[in-house]
Amino acid sequence: VTKAKKESFSRLLGAIVRRPGIILGAVLFLILSAIGNAFVLKIDIVGSAAYRRDQAEEYLSAAGIRQFGWYDTSAADAAQSALLSLPGVVFATVEKKGPVLIVTLEEEEIAPTPSYEKNLLSPCAGEVEEVVVLRGTALVKVGDTVEAGQELVGGFYETESGERKETFAVARCTLIKTHSAEYFSAQESPEELRRAVAAACAEAGGEPVSSQTSVREEKGGYIYTVTLRVRISCAVNMG
């Protein structure tokens with residue numbers, strides 16, 4: 001057994017000697033690997049602030065890190081600290097993976113400034129059933145009759161001295177709207193009446209409060225008249 005092992009090793013050694021390219025290739029591989037780990041051959045900037053590549057490269061260069069340059073860990077740490085000083089940048093890392101230097105830059109997300117409607121307008125004509133004002137000034141009261149588009153709550157308030165200050169309204173209002181419609185049918189039946197009421201509710205929208213119906217014979221058929229009272233709700237800046 002020992003002799004066989006020695007013969008196998010001798011054959012392997014002889015094969016390597018007869019093929020010096022194997023040794024050369026292995027040596028070149030080790031050299032290239034060492035070069036890749038020692039130098040920066042490529043710089044990748046990633047993250048939400050990757051568009052600031054030019055500034056990032058300036059900071060890297062100032063710390064001593066450049067493409068095709070020597071990589072130094074202490075220089076990378078200094079560059080990372082410097083990158084955190086970029087306006088709006090809240091996270092920065094400098095990492096090396098093989099010959100590639102990966103720089104991650106993340107910036108703070110700036111929430112959009114909320115926009116508010118100035119006042120509350122009536123979506124339809126009707127009677128005010130309820131008005132609740134958390135901010136602003138009510139311009140109507142319960143029982144008032146209003147028109148479509150009329151201002152219900154204004155975006156202002158008055159101080160004790162009577163001075164008017166501009167603001168935005170935060171309020172809700174419910175209105176009772178009257179809706180009337182007529183529908184023709186070739187026959188008279190409870191089913192046709194239900195269909196007429198359903199069609200009127202769909203047209204009126206809102207929440208039905210009460211209804212009145214009538215039917216008359218006309219033009220060889222029947223005319224169903226439906227009058228509804230429906231509740232319409234509206235609000236401004238209530239979330």
Side-chain angles (χ1 to χ4, degrees), residues 20-123 132-139 149 151-159 163-173 233-239:
I22 296 176
I23 299 175
L24 180 60
V27 172
L28 287 175
F29 175 78
L30 293 174
I31 292 174
L32 291 175
S33 297
I35 292 174
N37 290 326
F39 288 86
V40 176
L41 303 184
K42 183 181 179 183
I43 298 177
D44 280 345
I45 311 293
V46 299
S48 60
Y51 66 91
R52 306 177 75 167
R53 181 182 184 90
D54 291 343
Q55 288 178 290
E57 289 182 344
E58 289 179 7
Y59 279 57
L60 291 171
S61 179
I65 298 180
R66 302 175 182 84
Q67 190 173 8
F68 305 118
W70 184 268
Y71 176 75
D72 181 71
T73 303
S74 60
D77 292 340
Q80 180 171 303
S81 299
L83 290 169
L84 282 170
S85 67
L86 283 170
V89 172
V90 296
F91 178 80
T93 59
V94 178
E95 299 176 301
K96 190 169 181 293
K97 294 184 178 180
V100 180
L101 188 74
I102 300 176
V103 179
T104 303
L105 297 177
E106 300 290 350
E107 63 183 355
E108 183 179 11
E109 293 185 6
I110 301 175
T113 302
S115 59
Y116 299 100
E117 295 292 332
K118 182 72 174 175
N119 46 26
L120 176 61
L121 303 179
S122 175
V132 177
V133 180
L134 303 181
R135 184 176 184 138
T137 300
L139 302 178
E151 189 175 19
L152 305 176
V153 180
F156 68 91
Y157 66 94
E158 291 185 357
T159 64
E163 184 181 2
R164 178 167 169 159
K165 297 286 188 179
E166 296 297 320
T167 183
F168 57 88
V170 179
R172 71 170 183 268
C173 184
S233 298
C234 58
V236 63
N237 301 321
M238 292 288 285

Q: Supply the atom-to-atom distance Leu105 CG to Arg52 CZ, rounded to the nearest 0.5 angstrom.
A: 8.0 Å
Q.
Please find the pair of heavy atoms, one from Ala50 and one from Ile45, that lie closest to each other, and give the distance.
A. CB-O, 3.6 Å
(Q) Using the side-chain contact (heavy atoms from CB on, under 4.5 Å) criterion, which residues pair with Leu84? Sequence neighbours excluded. (A) Ala92
Q: Could you tell me which residues satisfy side chain to side chain donor-acceptor pair (under 3.5 Å) with Glu151, sequence neighbours excluded, listed by chain and number?
A: Asn119
Q. Of all residues at least two apart in sequence or in a different chain, which pass the salt bridge (Lys or Arg N to Asp or Glu O under 4.0 Å) check with Glu158?
A. none
Q.
Could you work out, with side-chain contact (heavy atoms from CB on, under 4.5 Å) as the rule, every residue matching Glu106, not counting sequence neighbours?
A. Ser48, Phe91, Thr104
Q | Contacts of Thr137 that satisfy side-chain contact (heavy atoms from CB on, under 4.5 Å) - sequence neighbours left out | A | Leu139, Phe156, Tyr157
Q. Judged by atom type as modelled, is there a donor-acceptor pair below 3.5 Å linking the side chain of Asn237 to the main-chain atoms of Ala169?
A. yes
Q: Specify the closest pair of heavy atoms between Tyr59 and Ser85, including all atoms of both residues, with the distance to one decimal.
A: CE2-OG, 3.5 Å
Q. Does a side-chain heavy-atom distance below 4.5 Å link Val100 with Asp44?
A. yes
(Q) Could you measure the distance from the CD1 atom of Ile102 to the NZ atom of Lys96? Nearest 0.5 Å is fine. (A) 10.5 Å
Q. Of the options Val89, Thr93, Val94, which is the one that meets Leu83 in a side-chain contact (heavy atoms from CB on, under 4.5 Å)?
A. Val94
Q. Is there side-chain contact between Cys234 and Leu120, with heavy atoms separated by less than 4.5 Å?
A. yes
Q) Which heavy atom in Gly149 sits nearest to a heavy atom in Leu121, and how many Å separate them? A) O-CD2, 3.9 Å
**Q.** Qualifying residues under side chain to side chain donor-acceptor pair (under 3.5 Å), relative to Ser74, sequence neighbours excluded
**A.** Asp72
(Q) Run the ring-ring contact (aromatic ring centres under 6.0 Å, His included) test against Tyr116 and tell me which residues pass, sequence neighbours left out. (A) Phe168
(Q) Could you work out, with salt bridge (Lys or Arg N to Asp or Glu O under 4.0 Å) as the rule, every residue matching Arg53, not counting sequence neighbours? (A) Glu57
Q) Do Leu86 and Glu107 touch side chain to side chain, with heavy atoms closer than 4.5 Å? A) no
Q) Which is it for Leu101 and Lys42 under the side chain to side chain contact (heavy atoms under 4.5 Å, CB included) test, yes or no, and what are the steps along the way? A) CA-CA 6 Å; Leu101 188 74; Lys42 183 181 179 183; over 6 Å; no
Q | By salt bridge (Lys or Arg N to Asp or Glu O under 4.0 Å) - contacts of Asp77 (at least two apart) | A | none
Q) side chain to side chain donor-acceptor pair (under 3.5 Å) with Thr167: which residues, sequence neighbours excluded? A) Arg135
Q: List for me each residue that meets side chain to side chain donor-acceptor pair (under 3.5 Å) alongside Lys165, sequence neighbours excluded, and say none if there are none.
A: Glu163
Just distance, no hydrogens or angles: give the donor-acceptor pairs under 3.5 Å from side chains in residues 60-69, sequence neighbours left out.
unit_1	atom_1	unit_2	atom_2	d
Ser61	OG	Arg66	NE	3.2
Arg66	NH2	Ser61	O	3.3
Gln67	NE2	Leu41	O	3.1

